[in-house]
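What follows is a short report on a single structure.
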Amino acid sequence: MAEKEHIIIESGDAIQPFAYTVGMYGSKFFAELRDNGRIMAVRCPKCKKVYIPPRKVCGECFVEMNDWVEVGPKGVIGTFTILRFAFIDPETGAQKPVPYGYGFIKFDGADTLFQHYISVEDEKKIKIGARVEPVFSKNPTGSMRDIEYFKVID
Amino acid sequence: MDRAAIIGVGMTKIEKSKVRDTFADMAWEAVNKALADAGMTIDDIDNVVTTSSDFWDGRTISCMAVGDASGAAHKNVTCVEGDGTYGAFYGMTRSLSGSYKTTLVTGHSKGSQSISSLITNSAFDPIYERSLGMDMVTACAMQARSYMHRTKTTPEQMALVSVKNHGNAMKNPLAQLPMNITVNDVLKSEMIADPLHKLDCSPVSDGCAAVIIAHESVATKFKQKPVWIKGVSFCADSFFFGDRDLSRVKSLTEAAKKAYAMAGIKDPKKEIDVAEIYDAFSYQELMWLEEMGLADDATAGKLLEKGDFNIEGRLPVNASGGLLSGHPVIAAGLYSMAAVVKQIRGDAGGFQVKKAKTGLVQGLNGLGGQSHCVWILDQEK
Ligand SMILES: [Zn+2]
């Protein structure tokens, strides 16, 4: 018996455009990153925790934060993975080239972790606690891609 | 406090793709199975809570599309977005509210209809996280790495979780992936995201589950033996993954402590007979067990090797096969709850454990477990 065809309705090329505001905290973060290559975080006035990415509210203390501090740009790997399966890039819809490293970076002076790519040129060097620094984009636009990736430094 | 009990459960088989069923078709099947299990008709149901996620369903207000098939016509129907255990929590509070005596809770999803990594990517922060491609597998791989680093849990121990649960699934006719595999099979399966191999990860799944929760005044009025809710709690951690200590799960520890206290449990290691927990990835079963105090810190891997968590072991964990053997997101926690209900009633068939007076169910919300929901269910009121 011939295999039956399933009738399926696909969403096709339909898109849902959406404009996410980055807010005043995000604006300062991205402007400093783009214009000065500086990594800006905020400190909680109560628990003194330094948050990156910066945001208005310390959830632990439920207080507003306005105390800006520069952190990094060097730091250590908090945890990481090496992706070996091609995931779809949400920005382009294309398959990403593998392998690539993805990690949480603890910038010097920050208390929370910042996620980004890690260069996998020498996989043996990628370890929890390894020191890293960002490689900045030559054409910064004010986005997360103003940092291209982090690389392990010895 | 007034008490509530689970008096009926119904589930569809978990499958890779239920191409014959719409969301409402799946709800129809699960709801009718739960009503039959309870010995009730839809007229005995006072109100309905559906559980779904708009992104997974590919539509806005996804709950409204399953109302008719869930018997919600002319009734108060509401929706929870998140794991089914959270829908059940809301359902329980409604049965205890005084306004309703019986609540039907459903949870559904079809992973087959979308690209999972894009859906889970959308759960992350759109400004700082999403554009780099963070998704559930990436996030959990990093959590696994943190957990292994702190506890010295080995890839072999993680693989053994997958071996145990896929093996258990062979005794559960509703499971999607019953498999007789070895630790070596897991370690040789494709490396997806270090340290997670393909067989360390749960599959993409379709399914719907329903449970009926009744106030104590009507819990024994119908055919089914009630399974009593003795303790329940949920706690949440911070939204940004990077704010948390990824090797620990503070919110789970707190939720478990509160649920134990409510149930009067002093030594969970001794008093819990059976557990179904959220093993979306192999390492999670070990990590959650330790964070709930069901194993000492950094020992779950060794206890697993000793056989403690096997169906015949000291504390059978995911005797149903768990989510590694079928993971319909959202519905998942209700499947776990139904599995424990069946254990306590003695209805679990091939995966029935010997002693099942008191059981634990754990569900979670948010990637890598931002929030956790812990239930203690019991044969006795
Ligand atoms: Zn604070």
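Proteins come first, then strands; the chains are lettered A, B, ... in the order of their sequence lines, and each starts at number 1. Any value given below was found using the heavy atoms of this structure, including those in side chains, with hydrogens, waters and symmetry copies removed. Treat the numbers as computed from the prediction; the structure is a model and nothing was measured.
When B:Pro195, B:Gly58, B:Ser117, B:Ser146 are compared by the number of non-hydrogen pairs under 4.5 Å with chain A, B:Ser146 comes out ahead. Interface check for chain B: of the options A:Gly59, A:Gly78, A:Pro53, A:Gly101, the most heavy-atom pairs under 4.5 Å are formed by A:Pro53.
Residues of residues 36-48 of chain A never come within less than 4.5 angstrom of chain B, heavy atom to heavy atom. At a heavy-atom separation below 4.5 angstrom, chain B is approached by A:Ile128, A:Met144, A:Arg145 within residues 127-148 of chain A. Within residues 110-118 of chain A, the residues having any heavy atom closer than 4.5 Å to a heavy atom of chain B are A:Thr112, A:Leu113, A:Gln115, A:His116, A:Tyr117, listed by residue number.
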Using distance only, find each side-chain donor-acceptor pair of residues 125-132 of chain B under 3.5 Å and give its atom names and separation, not counting sequence neighbours.
from, atom 1, to, atom 2, distance (Å)
B:Asp125, OD2, B:Ile127, N, 2.9
B:Asp125, OD2, B:Tyr128, N, 2.9
B:Glu129, OE1, B:Asp125, N, 3.0
B:Arg130, NH1, A:Tyr20, OH, 3.0
B:Arg130, NH2, A:Tyr20, OH, 3.3
B:Arg130, NH2, B:Ser122, O, 3.1

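The environment of B:Glu190 atom CD is dense: over 12 non-hydrogen atoms of other residues, nucleotides or ligands sit within 6.0 angstrom.
Of the charged side-chain nitrogens involved, none lies within less than 4.0 Å of a carboxylate oxygen, so that B:Lys302 and B:Glu290 do not count as a salt-bridged pair. Under 4.0 Å is where a charged nitrogen must lie from a carboxylate oxygen, and between A:Arg55 and B:Asp243 at least one such pair does.
Listed for the B:Asn121 side chain is a donor-acceptor partner under 3.5 Å among the backbone atoms of B:Met134.
Contacts of B:Gln113 with chain A are absent, with no heavy-atom separation under 4.5 Å from either backbone or side chain.
The aromatic rings of B:Phe124 and B:Phe241 lie perpendicular to each other, with more than 60° between the two planes, well past the 30° mark.
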